[in-house]
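One structure is given here, and the rest of the page talks about it.
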Amino acid sequence: MFEGSGFTVNHYPYYDAATGGLRFEDMLACLKGLPARSIVLLHACCHNPTGVDLTPGQWDALIPVLRERELLPYLDLAYQGFGDGIAEDAHSVRALAASGLTFFVANSFSKSMSVYGERCGALSAVCASKAEADLVMGQLRYTVRRLYSSPAIHAARLVEHVLGDADLRAMWEGELAQMRLRMIEVRKALHARLSALRPDRDFGFLLSQRGMFSYTGLSAAQVDRLRDDHAVYLIRSGRLCVAGLTQGNVDRVAQALAQVV
């Protein structure tokens with residue numbers, strides 16, 4: 001999206017392949033060296049593709065750097081509720097709002113309400129003042145008019161109806177919690193089976209990562225072996241879709257992974 005809009009896109013350190021965790025100090029050092037007004041794309045929770053999130057304490061340490069360097073945060077919030085809970089997964093958004101910084105939040109209901117084919121979501125611009133908000137709104141209206149003028153309304157009305165009805169919202173929140181807990185349970189199951197099959201390896205990253213995805217650390221060649229020899233499919237970066245695991249297939253997946261790691 002950024003490249004298509006003509007922006008120069010660079011990368012900052014994030015995923016630690018050795019630990020399956022976060023290179024937070026390297027990330028901070030990189031951001032401290034960015035030119036003022038650089039846009040920084042951040043995942044609010046359930047990082048895609050790694051499943052590695054910042055802790056609340058790390059967000060609190062990051063925000064002063066964003067302020068000091070005059071950086072513009074752009075938060076991707078596509079998996080709210082899949083990590084630790086709806087409110088818990090919004091910690092970064094609330095912390096940024098409380099800081100008084102200007103930032104963007106792009107959120108989506110595609111996964112959490114199963115409107116994948118409709119792609120329902122929103123772009124929110126949180127501004128430091130009303131004057132700034134008026135300027136941003138003018139630019140957004142101009143952009144919207146050029147792109148689509150009137151947005152698709154079917155999924156938006158579904159989401160609005162569910163969120164606006166107390167009974168339906170409670171039902172949705174309960175179903176979302178079931179989805180989250182199911183993914184946590186299959187993470188635990190895969191971790192237990194892999195740990196038993198390969199006690200020489202540490203698979204703790206499966207438990208610390210959050211959301212629909214996990215980085216396995218597999219090479220492209222190992223992913224090819226999974227596909228060709230075991231009919232287990234990951235993308236060649238080594239990203240595993242946790243949502244594709246079930247109690248019925250986790251044993252076979254674990255057996256296959258154990259043979260290629």
Side-chain angles (χ1 to χ4, degrees), residues 2 9-108 111-112 121 123-128 176-177 180-181 183-184 187-188 191 202-217 237-240 242:
F2 284 103
V9 175
N10 295 299
H11 298 83
Y12 57 83
Y14 192 85
Y15 178 70
D16 187 342
T19 65
L22 180 66
R23 296 171 56 191
F24 184 62
E25 294 304 322
D26 292 336
M27 174 184 173
L28 279 187
C30 179
L31 297 186
K32 288 177 181 178
L34 293 182
R37 301 183 181 275
S38 295
I39 301 167
V40 181
L41 178 62
L42 299 157
H43 277 224
C45 66
C46 302
H47 186 272
N48 181 4
T50 68
V52 178
D53 288 343
L54 277 71
T55 66
Q58 288 170 333
W59 278 108
D60 293 342
L62 173 63
I63 289 172
V65 175
L66 299 173
R67 182 194 305 281
E68 292 162 10
R69 295 302 308 155
E70 298 182 25
L71 304 176
L72 179 60
Y74 189 111
L75 267 61
D76 184 337
L77 184 57
Y79 306 101
Q80 186 178 6
F82 284 176
D84 295 312
I86 295 173
E88 294 85 348
D89 290 349
H91 172 84
S92 57
V93 180
R94 291 173 175 167
L96 280 167
S99 74
L101 290 177
T102 296
F103 63 100
F104 289 101
V105 182
N107 76 295
S108 170
K111 292 85 177 172
S112 61
L123 175 66
S124 302
V126 181
C127 300
L176 189 64
R180 177 176 67 252
L181 292 174
M183 287 189 286
I184 291 173
R187 280 182 179 276
K188 291 178 179 177
H191 174 265
D202 180 8
F203 298 99
F205 64 88
L206 289 168
L207 303 179
S208 60
Q209 295 171 0
R210 287 287 180 267
M212 292 177 61
F213 306 110
S214 274
Y215 253 22
T216 60
S237 66
R239 189 191 74 175
L240 168 73
V242 176

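All values derive from a computational prediction rather than experimental measurement. No hydrogens, no waters, no symmetry mates; every other heavy atom, side chains included, goes into these values.
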Q: Please report the closest heavy-atom contact between R187 and F205, naming both atoms and the distance.
A: NH1-O, 4.5 Å

Q.
Rounded at 0.5 Å granularity, tell me how far CE in M212 sits from SG in C46.
A. 9.5 Å

Q.
If I compare all heavy atoms of K111 with all of A78, which pair ends up nearest, and what's the gap?
A. CD-O, 4.0 Å

Q | Minimum heavy-atom distance S112-L176, with the two atoms named | A | CB-CD1, 3.8 Å

**Q.** Any donor-acceptor pair under 3.5 Å from E70 side chain to R37 backbone
**A.** no

Q. Are L71 and L31 side-chain neighbours, meaning at least one heavy-atom pair lies under 4.5 Å?
A. yes

Q. So how far is it from L54 CG to M27 CE, rounded to the nearest 0.5 Å?
A. 5.0 Å

Q) At what distance, to the nearest 0.5 angstrom, does CG of L206 lie from CG of L240? A) 7.5 Å

Q) Is there a donor-acceptor contact under 3.5 Å from the side chain of T216 to the main chain of G238? A) yes

Q: List the atom of G81, the atom of R180, and the distance in Å for their closest heavy-atom pair.
A: O-NH1, 2.7 Å

Q. Looking only at heavy atoms, which two atoms of D202 and G204 are closest? And how far apart?
A. OD1-N, 2.9 Å

Q) What distance do C45 atom SG and D76 atom CG have between them, rounded to the nearest 0.5 Å? A) 9.0 Å

**Q.** R239: side chain to side chain contact (heavy atoms under 4.5 Å, CB included) partners, not counting sequence neighbours
**A.** N48, P49, F213, Y215, I235, S237

(Q) What I'd like to find out is whether the side chain of L75 reaches to under 4.5 Å of the side chain of S92, using heavy atoms alone. (A) yes

Q: Walk me through it: do Y14 and H47 pass the test ring-ring contact (aromatic ring centres under 6.0 Å, His included)?
A: CA-CA 10 Å; Y14 192 85; H47 186 272; 4.3 Å; yes

Q) Side chains of L72 and Y74: closer than 4.5 Å at any heavy-atom pair? A) no

Q. Between D84 and D89, is there a donor-acceptor pair closer than 3.5 Å when you use the side chain of the first and the backbone of the second?
A. no

Q) Considering residues at least two apart in sequence or located in another chain, which fulfil the side chain to side chain contact (heavy atoms under 4.5 Å, CB included) criterion with P56? A) H91

Q: Working to the nearest 0.5 Å, report the span between CG of L96 and CZ of R94.
A: 12.5 Å

(Q) For the backbone of G121 and the side chain of N107, can you confirm whether one donor and one acceptor N or O come within less than 3.5 Å of each other? (A) no

Q) Just by distance, do the side chain of Q209 and the backbone of G20 share a donor-acceptor pair under 3.5 Å? A) yes

Q: Look only at the side chain of R23 and the backbone of D16, and say whether a donor-acceptor pair between them is shorter than 3.5 Å.
A: no

Q. What is the minimum heavy-atom distance between V242 and G211, and which atoms define it?
A. CB-O, 4.1 Å

Q | For A128, all residues meeting side chain to side chain contact (heavy atoms under 4.5 Å, CB included), sequence neighbours excluded | A | T102, E132

Q | Note, F104 side chain near I39 side chain (heavy atom, < 4.5 Å) | A | no

Q.
Is the shortest side-chain heavy-atom distance between L42 and Y12 below 4.5 Å?
A. yes

(Q) Apply side chain to side chain contact (heavy atoms under 4.5 Å, CB included) to residues L101 and L66 and explain how you reach the verdict. (A) CA-CA 8 Å; L101 290 177; L66 299 173; 4.1 Å; yes

